[in-house]
Amino acid sequence: MRLKRSFYTQPTLKVAKNLLGQIICRRFGNGRILRGKIVETEAYIGPNDKASHAIGGRMTKRNLAEFLIGGHIYIYLVYGMYWQFNISTSKKGKPECVLIRAIEPIIEKSPKSEFLISKQIPNHKSQIPKLTNGPGKLCRYLGLDKSFYGEDLVRSEKIWLEKGEKVRSKNIIAAKRIGIDYAGKYWASRKWRFYIKGNKWVSKK
DNA sequence: GTACAGATTGAG
DNA sequence: TCAATCTGTACT
């Protein structure tokens, strides 16, 4: 069952935690679908959050999607080569979002599925455990780029989220966000990164 | 117009 | 520990 708008418009920290265990579904042009369970997220809550691209209410062509009502895709390039897949949260006009940092691939047993994955990524068999354990890597795996900017997860035919397993709160770890030390001690120390305890697809630090 | 640094990754 | 790689953003 596809997640509805009401899921994404909840408070951002709640969405970041509730996204754990949900299933990202990506339909490619040939009809094949890749799925992955979300195992790691990070919340960015502008305009106060100094780590947010919307710090101080800054609105640019690049971060506009952060301001959309919950459920839209905010995707951007970092370090000149890696896409970062974010989902807008909260109400329209509030620059809040959740970065998807890692997913656990769901591999169908059928030969056809295996063929698709191997077409996307050569030698997938040995690489699968390490293919999606990071925000840049999961975008490469799911074939996500600028063309998905602003896409609505509630309506899109190419990408959406489905209800997955419920993750018990005792199995959710809260930790500091990664790669944002420039935001200063206060914001860098907020424990706004969440991951499923013990899951081996969580990004390594 | 030009400089610069980044919500990462993988090699050495 | 460090380079790759490039665009959005800020500043001249």
Side-chain angles (χ1 to χ4, degrees), chain A residues 8 12-13 15-17 19-20 24 36 38-68 70-90 94-105 120-151 153 159 172-196 199-205:
Chain A
Y8 302 102
T12 301
L13 290 176
V15 176
K17 282 181 271 194
L19 276 170
L20 297 175
I24 296 180
I38 297 173
V39 301
E40 183 182 0
T41 63
E42 268 179 11
Y44 287 85
I45 308 178
N48 295 325
D49 183 0
K50 280 195 175 171
S52 167
H53 291 157
I55 171 68
R58 179 198 292 166
M59 188 193 285
T60 64
K61 186 177 176 184
R62 175 219 205 184
N63 76 350
L64 196 60
E66 283 194 288
F67 292 80
L68 300 175
H72 288 83
I73 294 178
Y74 170 40
I75 190 165
Y76 66 91
L77 195 65
V78 269
Y79 301 113
M81 56 193 120
Y82 299 111
W83 293 101
Q84 304 283 287
F85 175 60
N86 296 255
I87 300 173
S88 72
T89 56
S90 190
K94 300 190 89 179
E96 307 185 14
C97 65
V98 174
L99 168 69
I100 306 302
R101 286 195 56 90
I103 63 175
E104 174 181 339
Q120 296 288 320
I121 300 137
N123 307 318
H124 67 284
K125 279 184 180 173
S126 62
Q127 292 181 34
I128 274 179
K130 296 179 176 177
L131 228 46
T132 58
N133 62 335
K137 294 165 82 173
L138 72 89
C139 284
R140 193 172 52 190
Y141 178 80
L142 294 175
L144 302 178
D145 58 27
K146 186 88 177 178
S147 68
F148 285 79
Y149 190 89
E151 192 89 3
L153 292 167
I159 184 168
I172 296 178
I173 307 291
K176 290 197 292 185
R177 294 175 291 178
I178 293 178
I180 53 132
D181 285 344
Y182 60 83
K185 277 183 186 170
Y186 180 80
W187 293 104
S189 64
R190 296 306 90 193
K191 293 189 172 177
W192 289 354
R193 171 179 171 237
F194 305 97
Y195 60 90
I196 298 177
N199 187 286
K200 63 180 175 180
W201 280 270
V202 170
S203 68
K204 49 187 182 297
K205 60 172 190 239

State whether Arg101(A) and Glu42(A) are salt-bridged, where the test is any N-O pair (Lys NZ or Arg NE/NH1/NH2 against Asp/Glu carboxylate O) under 4.0 Å. yes

[X] [atom1] to [N] [atom2]: how many Å, rounded?
{"X": "Ile75(A)", "N": "dT8(B)", "atom1": "CD1", "atom2": "P", "value": "14 Å"}
{"X": "Tyr195(A)", "N": "dA7(B)", "atom1": "OH", "atom2": "P", "value": "21 Å"}
{"X": "Leu64(A)", "N": "dT7(C)", "atom1": "CG", "atom2": "P", "value": "20 Å"}
{"X": "Leu131(A)", "N": "dG10(B)", "atom1": "CG", "atom2": "P", "value": "9 Å"}
{"X": "Leu77(A)", "N": "dA4(C)", "atom1": "CG", "atom2": "P", "value": "17 Å"}
{"X": "Glu40(A)", "N": "dT8(B)", "atom1": "CD", "atom2": "P", "value": "10 Å"}
{"X": "Arg101(A)", "N": "dA7(B)", "atom1": "CZ", "atom2": "P", "value": "11 Å"}
{"X": "Ile55(A)", "N": "dA5(B)", "atom1": "CD1", "atom2": "P", "value": "19 Å"}

So, is Thr60(A) close to the dT9(C) phosphate, meaning a side-chain N or O under 4.0 Å from OP1 or OP2? yes

N/O donor-acceptor pair under 3.5 Å between Asn86(A) side chain and Tyr74(A) backbone: yes

Counting only N and O atoms by type, is there a donor-acceptor contact under 3.5 Å from the side chain of Arg140(A) to the main-chain atoms of Gly136(A)? no

Sugar-phosphate, base or nothing in reach of Arg177(A), heavy atoms under 4.0 Å: nothing

If you look at every strand shown and take non-hydrogen atoms under 4.0 Å, does Glu42(A) touch a base, only sugar-phosphate, or nothing? nothing

[options]: which one has an atom nearest the side-chain heavy atoms of [X]?
{"X": "His53(A)", "options": "dT7(C), dG10(B), dA7(B)", "value": "dA7(B)"}
{"X": "Tyr182(A)", "options": "dT8(B), dG8(C), dG6(B)", "value": "dG6(B)"}
{"X": "Arg58(A)", "options": "dT7(C), dT8(B), dA10(C)", "value": "dA10(C)"}

Just name whichever nucleotide pairs with dA7(B), Watson-Crick or G-U, keeping both distances under 3.5 Å, else none. none

Residue pair Gly80(A)/Lys61(A) against DNA chain C: nearer the 5' end by closest nucleotide is Gly80(A)

I want to confirm an ordering. Mapping Lys146(A) and Met81(A) to their closest nucleotides on DNA chain C, which one lands closer to the 5' end? Met81(A)

Quote, to the nearest angstrom, the P distance that separates dT5(C) from dG12(B). 14 Å

Distance, P atom - from dT12(C) to dA5(B), rounded to whole angstrom: 14 Å

Is the aromatic ring of Tyr79(A) within stacking range of dT8(B), meaning centres under 5.5 angstrom and planes under 30 degrees? yes

Tell me whether Lys137(A) at atom NZ has more than 12 heavy atoms from other residues, nucleotides or ligands lying less than 6.0 Å away. yes

Validation row: Trp187(A), Trp192(A) side chains within 4.5 angstrom (heavy atoms): yes

